[in-house]
Amino acid sequence: MDIDRTNVIMSPLERRLNTISRHLIQGCFSDSTSIVASPAFYGASVFQNVAQAPEDPILGVTVAFNKDPSPLKLNLGVGAYRTEEGKPLVLNVVRRAEQLLVNDLYRKKEYLPITGLSDFNKLSAKLILGSESPAILENRLATAQCLSGTGSLRVGAEFLTKHYHQRTIYIPVPTWGNHPKIFMMAGLSVKTYRYYDPTTHGLNFKGLLEDLSAAPNGAIVLLHACAHNPTGVDPTQDQWEHIRQLIRSKNLLPFFDSAYQGFASGSLDTDAQSVRMFVADGGDCLVAQSYAKNMGLYGERVGALTIVCKTTDVARKVESQMKLVIRPMYSNPPIHGASIVTTILKDRNMFYEWKLELKAMADRIISMRRQLYDAVSARGTPGTWNHIIKQIGMFTFTGLNSKQVSFMTSEYHIYLTSDGRISMAGLSSDKVPHLADAIHAAVTSIA
Ligand code: PGU
């Protein structure tokens, strides 16, 4: 065993480390094995200059939460549904589907095709576009099973970078923090359009129309299909119609992100209206779907990308190119999550059971909004708070600033993203007073 650096002058610390490593190595090779450390063993790592990256602004909140030993702690950061008992929920219908899959001894674990399970793709397109959708009836769409919403957005973005003449995508301000990164990494150039008005806690419709009017012809526009994240503010039907007309008149390309179908209103069809309105006019569009929230399949990573085209012929070519995008990224998607979704969507009873469970989740969130609003009002917290009830979907965009958020975390062990977004799905009745106390204290003690 020879790991001494005989010809090198070592500092006391280095000497100590050297002795420790010698003991460790001798411990590992306590037989007669002798190793000679190569010079590379002592040199600096080739990754020496890699900088420490910050935690993700959303997922990092959970990392900090997990480290907090306080029994009072409450995680309202990540958009993940919790029960009234504060526990993660696996839907009954999902358990039932999994049981069926496990009991089916004919099921295999072979590779899926590059675009995934074909039944899953058909059922997913039907779910978002509606069974009577002209795009489905005319067979002018291409769908690929992808890795949840994020993967679907990324595959769509990579496809656009390769095959679309305009490389600029407009995203709303604010938006889900991962959007700009997904699009930039795929090679698109990211610009923004106004969306939220902090003074009204509502939509800046005028700003939105002005910015999209000024966008160059053909630019891609990212639209949240429903339950806009982080604001919980969606356009009305009339406003959507205005947006549609503007987008079509300028030949902008709509790219929908549908991560919350069923979570905004409790109805899958109502929450798909914006997408269906665009598809009904016969124009092109992209839709990224996620089953993370509405089926509670977060970690299964199951979603779909659908590209709606104007003709069948174009759709088939688009599909062939989608495969070329996917193959070098991850070859083909995983089988389990998509099989659960397919089992549920193709069985009338299970589909019905899912809708009931989904509605129950949406209703619990709505009731949390009412309870939090009542609790904040009862404390006479300065400011207007009716946006807690008016906003929809998983999140309330409270208007609390980053200092107030830090205060709530350090003093009350309540974790939320620094932009003041609260995941209402993480709240339960027994925690409402604690949260309302924290909001009241933050607002009254920090400007
Ligand atoms: N699109 C939007 C608008 C989202 O809010 C999310 C998830 C996704 C796509 C991606 O979801 P998938 O899990 O890939 O299907 N946003 C949540 C979850 C945490 C995160 O940031 O990924 C959130 O808390 O904002």
Side-chain angles (χ1 to χ4, degrees), residues 54-66 75-82 88 116 120 124 127-128 144-157 169 171-183 185-186 195-196 221-234 255-264 271-272 274-275 286-306 329-330 333-334 337-338 340-341 361 365 391-398 405 415-427:
E55 288 287 358
D56 181 82
I58 299 175
L59 301 182
V61 173
T62 303
V63 175
F65 171 82
N66 287 339
N75 188 0
L76 304 176
V78 67
Y81 185 82
R82 297 288 177 262
F120 168 86
S124 295
L127 186 72
I128 187 72
Q145 176 197 330
C146 296
L147 277 75
S148 214
T150 308
S152 308
L153 289 164
R154 180 66 187 263
V155 169
I169 185 162
I171 61 173
V173 179
T175 193
W176 177 47
N178 215 13
H179 277 148
K181 299 172 205 164
I182 292 171
F183 298 125
M185 295 298 273
Y195 188 86
Y196 182 71
V221 182
L222 179 87
L223 300 159
H224 294 229
C226 70
H228 181 276
N229 176 10
T231 68
V233 173
D234 285 351
F255 190 164
F256 280 97
D257 180 356
S258 176
Y260 298 95
Q261 188 182 359
F263 255 100
D271 289 357
S274 58
V275 177
L286 288 85
V287 190
Q289 277 170 276
S290 167
Y291 289 97
K293 326 281 165 141
N294 57 14
M295 255 190 219
L297 292 175
Y298 306 89
E300 295 290 353
R301 312 309 293 146
V302 51
L305 170 73
T306 290
M329 281 173 104
Y330 53 86
I340 297 172
V341 174
M361 288 194 284
I365 295 173
Q391 295 175 351
I392 55 172
M394 263 196 168
F395 306 109
T396 292
F397 205 46
T398 56
V405 170
Y415 290 77
L416 54 150
T417 51
S418 62
D419 58 1
R421 184 191 84 166
I422 283 179
S423 171
M424 299 307 286
L427 190 59

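We count ligands from 1, going down the list as the structure has it; atoms in each ligand are counted the same way.
Thr398 approaches Ile422 most closely through the heavy-atom pair CG2-CD1, 3.4 Å. Between Asp419 and Phe397 the shortest heavy-atom distance is O-CE1, 3.5 Å.
Nearest protein heavy-atom neighbour of atom 1 (N) of ligand 1: Asp257 OD2, 2.6 Å. Ranking the protein heavy atoms by distance from atom 12 (P) of ligand 1 puts Ser148 OG, 3.3 Å first. Ranking the protein heavy atoms by distance from atom 13 (O) of ligand 1 puts Arg301 NH1, 2.9 Å first. Atom 17 (C) of ligand 1 has its closest protein heavy atom at Lys293 NZ, 2.9 Å. Of all protein heavy atoms, the one closest to atom 20 (C) of ligand 1 is Trp176 NE1, 3.6 Å. Of the protein's non-hydrogen atoms, the one nearest atom 11 (O) of ligand 1 is Thr150 OG1, 4.0 Å.
For ligand 1 and Gly149, the ligand atoms under 4.0 Å from any heavy atom of the residue are 12 (P), 14 (O), 15 (O).
Contacts between Arg421 and ligand 1 below 4.0 angstrom, taking non-hydrogen atoms only, involve the side chain exclusively. With a 4.0 Å heavy-atom cut-off, ligand 1 is reached by no atom of Tyr291.
Close N/O approach between Asn229 and ligand 1 is found [any backbone or side-chain N/O within under 3.5 Å]. Among the atoms of Gly79, some N or O lies under 3.5 angstrom from an N or O of ligand 1. Ligand 1 has no nitrogen or oxygen under 3.5 angstrom from a nitrogen or oxygen of Ala292. Backbone and side-chain nitrogen or oxygen atoms of His224 are examined, and none is located within less than 3.5 angstrom of a nitrogen or oxygen of ligand 1.
Going from atom CG of Asn66 over to atom CG of Asn75 covers 7.5 Å, rounded to the nearest 0.5 Å.
The shortest side-chain heavy-atom distance between Leu153 and Leu222 falls under the 4.5 Å cut-off.
With atom 19 (C) of ligand 1 as the reference point, the heavy atom nearest to it among Val78, Ile182, Leu222 is part of Val78.
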Report the C-alpha distance between Val63 and Tyr415 in whole Å, list the side-chain angles of each, state the deciding distance to 0.1 Å, and finish with yes or no for side-chain contact (heavy atoms from CB on, under 4.5 Å).
-> CA-CA 10 Å; Val63 175; Tyr415 290 77; over 6 Å; no
Show your reasoning for whether side-chain contact (heavy atoms from CB on, under 4.5 Å) applies to Asp56 and Lys181.
-> CA-CA 12 Å; Asp56 181 82; Lys181 299 172 205 164; 4.0 Å; yes
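Donor-acceptor pairing under 3.5 Å is recorded for the side chains of Tyr291 and Ser124.
Under a 4.0 angstrom heavy-atom cut-off, Asn178 registers as lying outside contact with ligand 1.
Within 6.0 Å of CE in Met185 there are 12 or fewer heavy atoms belonging to other residues, nucleotides or ligands.
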